[in-house]
Amino acid sequence: MSRLLSSQTSVSPGGNNGNDNDTQLPAKKETAGKSVAKKDPTPSKLYKDTIKEVDKVFNALVKRYNKSLTRWSGVTADDFARSMEAKFLPTVKSLSETSPAASFNLLLDIGEHAYGDLDAWPKACGYGETKEPYENMDDLLIEIINARREADGADTDGAIEDRAAAVISATEPYVVEPSYADLGGEESAVRSLWGKKRANMQLMKKLERARLADLKTMFNTRRERRGVAKDWAGNALNDLVETGGRIDQYGIGEHFFQKSIGLLASIKGVERPALARPPRKLEIIDQGGFGIPTPQGGRLQFLSIFAHVALLLRNLACMESFLRL
């Protein structure tokens, strides 16, 4: 009996007759307390990722449009401006430390998304609360422009030119050409096909989709052009003058990158340009027999006299230049 007990006790739990060296498992790597350092994204990746987020925020706000006439419901340009400023200006500041060019392009893109569809409903232009976000964006763009000039060389006029082009630039003054053609033509096509027939909700929905498609065409066109433009200052000046003039028709262009427009004009050696007024024409949209001349790009919301009163109020509040036509 004692022999049996001694033989059982001599066998190790692993079954290798007490040979502990054969039964040892490989030691686990100690990972507790160790953290793998996450690399910061490159300026190019940060720019592209942020651009995608800008589109997502813009699309989310567009879906929240409410055609009501109360101040407490419905998304306006105020919401677009505040959202773009709060969510993306810190990223622009961070990016400007490593790539002034990428942060410059990003901030211009954010500015284009900071007003929304101004024809979506009668008070889509907001209630005057775009001023502070626009001015904050403007101040930051001034810093980035100066940083980009310093990075490119203090004597640059914003263009990376070859020797022959530099000679032409020295002899021919720069001409500001607002980029009207960047907006797509889908809305105009819908209106042309519809003609002067009586409007209905089907037309209104088509116009709404067409306006958004035109805006997105402009966003993409300008993004691509900024990425390849040699004359970054002139290109930005043309875009800002066009956008400022277009949204000023709704009463919100006065503070849209105004100081930056002046700085870019001085870089190009020209006088500060006035905000551009895109060519506009009046057309009759017949809604239930109440034909009212409305500017191209506008629309009537309802099939009642109340709708026409609302439209006139919108024109007075948001489209100051409409009275001067």
Side-chain angles (χ1 to χ4, degrees), residues 44-65 75-89 91-92 95 101-120 124-126 130 133-134 137-138 140-141 144 177-190 206-229 231-250 252-253 256-257 260-261 264 275-276 278 297:
S44 177
K45 186 177 188 319
L46 181 58
Y47 170 81
K48 292 178 181 178
D49 290 346
T50 309
I51 285 292
K52 294 178 182 178
E53 289 298 317
V54 169
D55 287 338
K56 288 181 181 178
V57 172
F58 180 85
N59 293 334
L61 287 171
V62 166
K63 290 179 181 178
R64 290 172 51 200
Y65 270 128
V75 174
T76 69
D78 300 338
D79 300 288
F80 280 86
R82 286 193 297 260
S83 296
M84 293 295 165
E85 177 202 16
K87 187 169 181 62
F88 299 115
L89 249 59
T91 302
V92 174
L95 186 58
S103 62
F104 177 80
N105 292 343
L106 179 58
L107 184 51
L108 290 176
D109 191 83
I110 291 169
E112 291 288 3
H113 289 75
Y115 48 86
D117 178 9
L118 295 173
D119 282 316
C125 58
T130 57
Y134 286 171
M137 294 181 195
D138 195 11
L140 180 56
L141 188 60
I144 294 173
E177 298 177 342
S179 40
Y180 298 123
D182 292 345
L183 273 171
E186 292 196 27
E187 182 185 3
S188 297
V190 170
K206 286 184 176 180
L207 288 174
E208 184 174 343
R209 290 193 295 267
R211 282 198 315 274
L212 287 173
D214 287 345
L215 278 175
K216 291 179 180 181
T217 296
M218 182 192 69
F219 296 157
N220 293 330
T221 298
R222 293 186 177 178
R223 280 175 183 171
E224 294 174 2
R225 189 168 60 227
R226 289 188 201 107
V228 298
D231 184 3
W232 56 266
N235 178 68
L237 180 59
N238 289 335
D239 290 350
L240 291 176
V241 169
E242 187 281 327
T243 299
R246 175 163 41 84
I247 69 175
D248 192 50
Q249 297 173 100
Y250 302 84
I252 61 173
F256 188 78
F257 293 103
S260 297
I261 290 175
L264 291 168
L275 293 178

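Residues meeting the side chain to side chain donor-acceptor pair (under 3.5 Å) test with N220, sequence neighbours left out: none. With sequence neighbours left out, T50 forms a side chain to side chain donor-acceptor pair (under 3.5 Å) with no residue at all. Partners of D138 according to the salt bridge (charged side-chain N to carboxylate O under 4.0 Å, His left out) rule, which considers only residues two or more places apart in sequence or in another chain, do not exist here.
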Ring pair (Phe, Tyr, Trp, His ring centres under 6.0 Å) assessment of Y115 paired with Y250:
CA-CA 10 Å; Y115 48 86; Y250 302 84; 9.0 Å; no

For L106 and I51: C-alpha separation, side-chain torsions, deciding distance, then whether side-chain contact (heavy atoms from CB on, under 4.5 Å) applies.
CA-CA 7 Å; L106 179 58; I51 285 292; 3.9 Å; yes

Give the C-alpha distance, both sets of side-chain angles, the deciding distance and a yes or no for side-chain contact (heavy atoms from CB on, under 4.5 Å) between L141 and V92.
CA-CA 9 Å; L141 188 60; V92 174; over 6 Å; no

Assess the residue pair I247 and T130 against the criterion (side-chain contact (heavy atoms from CB on, under 4.5 Å)); give the C-alpha distance rounded to whole Å, side-chain angles, the decisive distance to 0.1 Å, and a yes or no.
CA-CA 11 Å; I247 69 175; T130 57; over 6 Å; no

The test is side-chain contact (heavy atoms from CB on, under 4.5 Å); show your working for F58 and D117 and say whether it passes.
CA-CA 10 Å; F58 180 85; D117 178 9; 6.0 Å; no

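Put simply, CG on D109 and OH on Y47 are 5.5 Å apart, with the number rounded to the nearest 0.5 Å. Between the OG1 atom of T91 and the CD atom of E53 there is a distance of 9.0 Å, given to the nearest 0.5 Å. To the nearest 0.5 Å, atoms CG (L118) and OG1 (T76) are separated by 9.5 Å. With values rounded to the nearest 0.5 angstrom, L212 atom CG is found 10.0 Å from E187 atom CD. Here the CD1 atom belonging to I252 is positioned 8.0 Å from the CG atom belonging to D78, to the nearest 0.5 angstrom. Distance check, rounded to the nearest 0.5 Å: CD of E177 to CD of E242 gives 13.5 Å.
Using a distance-only test at 3.5 Å, with no hydrogens or angles considered, a donor-acceptor pair links the side chain of R222 to the main chain of S179. Side chain of D214 to main chain of L183: no donor-acceptor pair is present (N/O by atom type, distance under 3.5 Å, no hydrogens or angles). A donor-acceptor pair under 3.5 Å links the side-chain atoms of Q249 to the main chain of R246, judged by distance alone.
The pair E85-R82 fails the salt-bridge criterion, with no side-chain N (NZ, NE, NH1 or NH2) lying under 4.0 Å from an Asp/Glu carboxylate O. Using a 4.0 Å cut-off between charged nitrogen and carboxylate oxygen, D79 and R64 do not count as a salt-bridge pair.
S103 and I144 make their closest contact through OG-CG2, 3.5 Å (heavy atoms, listed as atom of the first residue, atom of the second, distance). In terms of heavy-atom proximity, A77 sits nearest to C125 at CB-O, 3.5 Å. For A210 against V190, the heavy-atom pair with the smallest separation is CB-CG2, 4.1 Å. Heavy atoms only, all atoms of each residue included: F104 and A236 are closest at CZ-CB, 3.5 Å. Closest of all the heavy-atom pairs between A114 and F80 is C-CB, 3.7 Å. The shortest heavy-atom contact between L237 and L264 is N-CD1, 3.9 Å.
Just one of D55, T221, N59 meets the side chain to side chain donor-acceptor pair (under 3.5 Å) condition when paired with K216; it is N59.
Considering only heavy atoms from C-beta on, F257 comes within 4.5 Å of M137 through its side chain.
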